[in-house]
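Numbers here simply count residues along the sequence, with the first being 1. All heavy atoms count here, side chains included; hydrogens, waters and symmetry mates do not.
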Amino acid sequence: MSYLFFSSKIASYLVKKAKLNNEKEEVLAYAIEVLSLNLINIGMALLIGYMLGVIPGTIICLIIVTIIRTFAGGAHSNSPWRCAVITSLVFPVMALLAQELVHFDSNILDIFLGVAIITGFVTVFVLAPVDSPNAPIVSDNRRIRLKKLSLLSVIIICAIAVFIRYSIPNKMEILLCIGFAVLWSSFILTNTGHIFFKAIDCLKILKRREV
């Protein structure tokens, strides 16, 4: 079963060239597929970010969410193409919102950022890590380690935000991007986030292609 027409072909070619066991072909195909789909997601997000004139903010949102999600996990679509659509829209939209809201009163923006960071920390502390049915976390030690790393990632992001706020002037747009990214990372950890993705999956568009 494959999402991309070329992953199995490339894996088969590499297995033959390297004279590996056939069992390695499926592993290679999966790795190629994951890497390719992630690159597609990022590329689409950056393209839309470029079209909207918010490339820097889009990159910041991508980095923040990737860092937290790597350790905390979260809800996702069962179709990589639906996931690509969501990714390509959510991150540029967050960056665009940050650009539009930057002119608000700084005190209000500080409150927003503080609420976002606190929400992120509490959500990660209570819920993380959130695993996938396709890749469950069966080891208690690994679960504890991922929770610690999730909390550490939010703490580091908070420290960076505080440093930017009080050391670098006129960077409120960056801080808003950080705040939106932390809130999105928190949202996909919650039951509401899972319901959102299930609702997207129920649309039955961009369905999995079997080969």
Side-chain angles (χ1 to χ4, degrees), residues 38-77 82-128 130 149-197 199-200 203:
N38 284 335
L39 290 175
I40 290 171
N41 291 352
I42 293 171
M44 290 175 64
L46 293 178
L47 176 61
I48 294 178
Y50 172 78
M51 293 171 63
L52 294 175
V54 289
I55 275 283
T58 301
I59 293 174
I60 291 170
C61 292
L62 277 166
I63 291 173
I64 297 299
V65 173
T66 299
I67 290 173
I68 299 176
R69 189 180 177 96
T70 297
F71 305 115
H76 60 87
S77 172
R82 284 191 287 265
C83 183
V85 171
I86 294 170
T87 299
S88 62
L89 293 176
V90 165
F91 295 106
V93 167
M94 288 193 291
L96 188 63
L97 282 173
Q99 185 181 76
E100 295 299 319
L101 297 177
V102 73
H103 303 296
F104 275 51
D105 182 82
S106 61
N107 291 326
I108 295 177
L109 298 181
D110 283 339
I111 292 173
F112 165 77
L113 183 62
V115 170
I117 294 295
I118 293 172
T119 299
F121 185 86
V122 172
T123 305
V124 166
F125 180 79
V126 174
L127 299 177
V130 175
L149 290 172
S150 301
L151 289 170
L152 179 61
S153 67
V154 175
I155 291 172
I156 291 174
I157 290 168
C158 177
I160 292 173
V162 171
F163 174 79
I164 293 173
R165 177 66 181 89
Y166 294 103
S167 301
I168 306 177
N170 302 320
K171 295 298 179 182
M172 186 57 74
E173 186 173 339
I174 294 176
L175 295 175
L176 286 172
C177 287
I178 292 174
F180 282 124
V182 171
L183 286 177
W184 175 255
S185 300
S186 303
F187 172 72
I188 61 178
L189 293 176
T190 64
N191 287 332
T192 304
H194 283 76
I195 292 172
F196 169 77
F197 277 93
I200 296 295
L203 296 177

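The two residues Ser186 and Gly120 have their closest heavy-atom pair at OG-CA, 3.1 Å. Taking all atoms of both residues into account, the shortest heavy-atom contact from Leu113 to Ala161 is CD2-CB, 4.3 Å. Residue Ala181 comes nearest to Met94 through the heavy atom pair N-SD, 3.9 Å, listed as atom of the first residue, atom of the second, then distance. Taking every heavy atom of both residues into account, Ile117 and Val154 meet most closely at O-CG1, 4.3 Å. Among all heavy-atom pairs drawn from Ile188 and His194, the shortest one is O-CE1, 3.8 Å. Here the shortest heavy-atom pairing between Cys61 and Ala95 reads SG-N, 4.2 Å.
To the nearest 0.5 Å, the span separating CZ on Arg69 from CD1 on Ile67 amounts to 14.0 Å. Between the CD1 atom in Ile164 and the NZ atom in Lys171 there is a gap of 9.0 Å [rounded to 0.5 Å]. Within the model, atoms CG of Leu189 and CG of Leu127 stand 6.0 Å from one another, a figure rounded to the nearest 0.5 Å. The structure places CD1 of Ile174 at 11.0 Å from CD1 of Ile160, a figure rounded to the nearest 0.5 Å.
Here the rule is side-chain contact (heavy atoms from CB on, under 4.5 Å) with Met44, and of Ile42, Leu46, Ile48, Ile40 only Ile40 fits it.
Taking the six-membered ring where the residue is Trp, Phe196 and Trp184 present perpendicular rings, their angle passing 60° and hence far from 30°.
Taking the six-membered ring for Trp, Phe187 and Phe197 have ring centres at least 6.0 Å apart.
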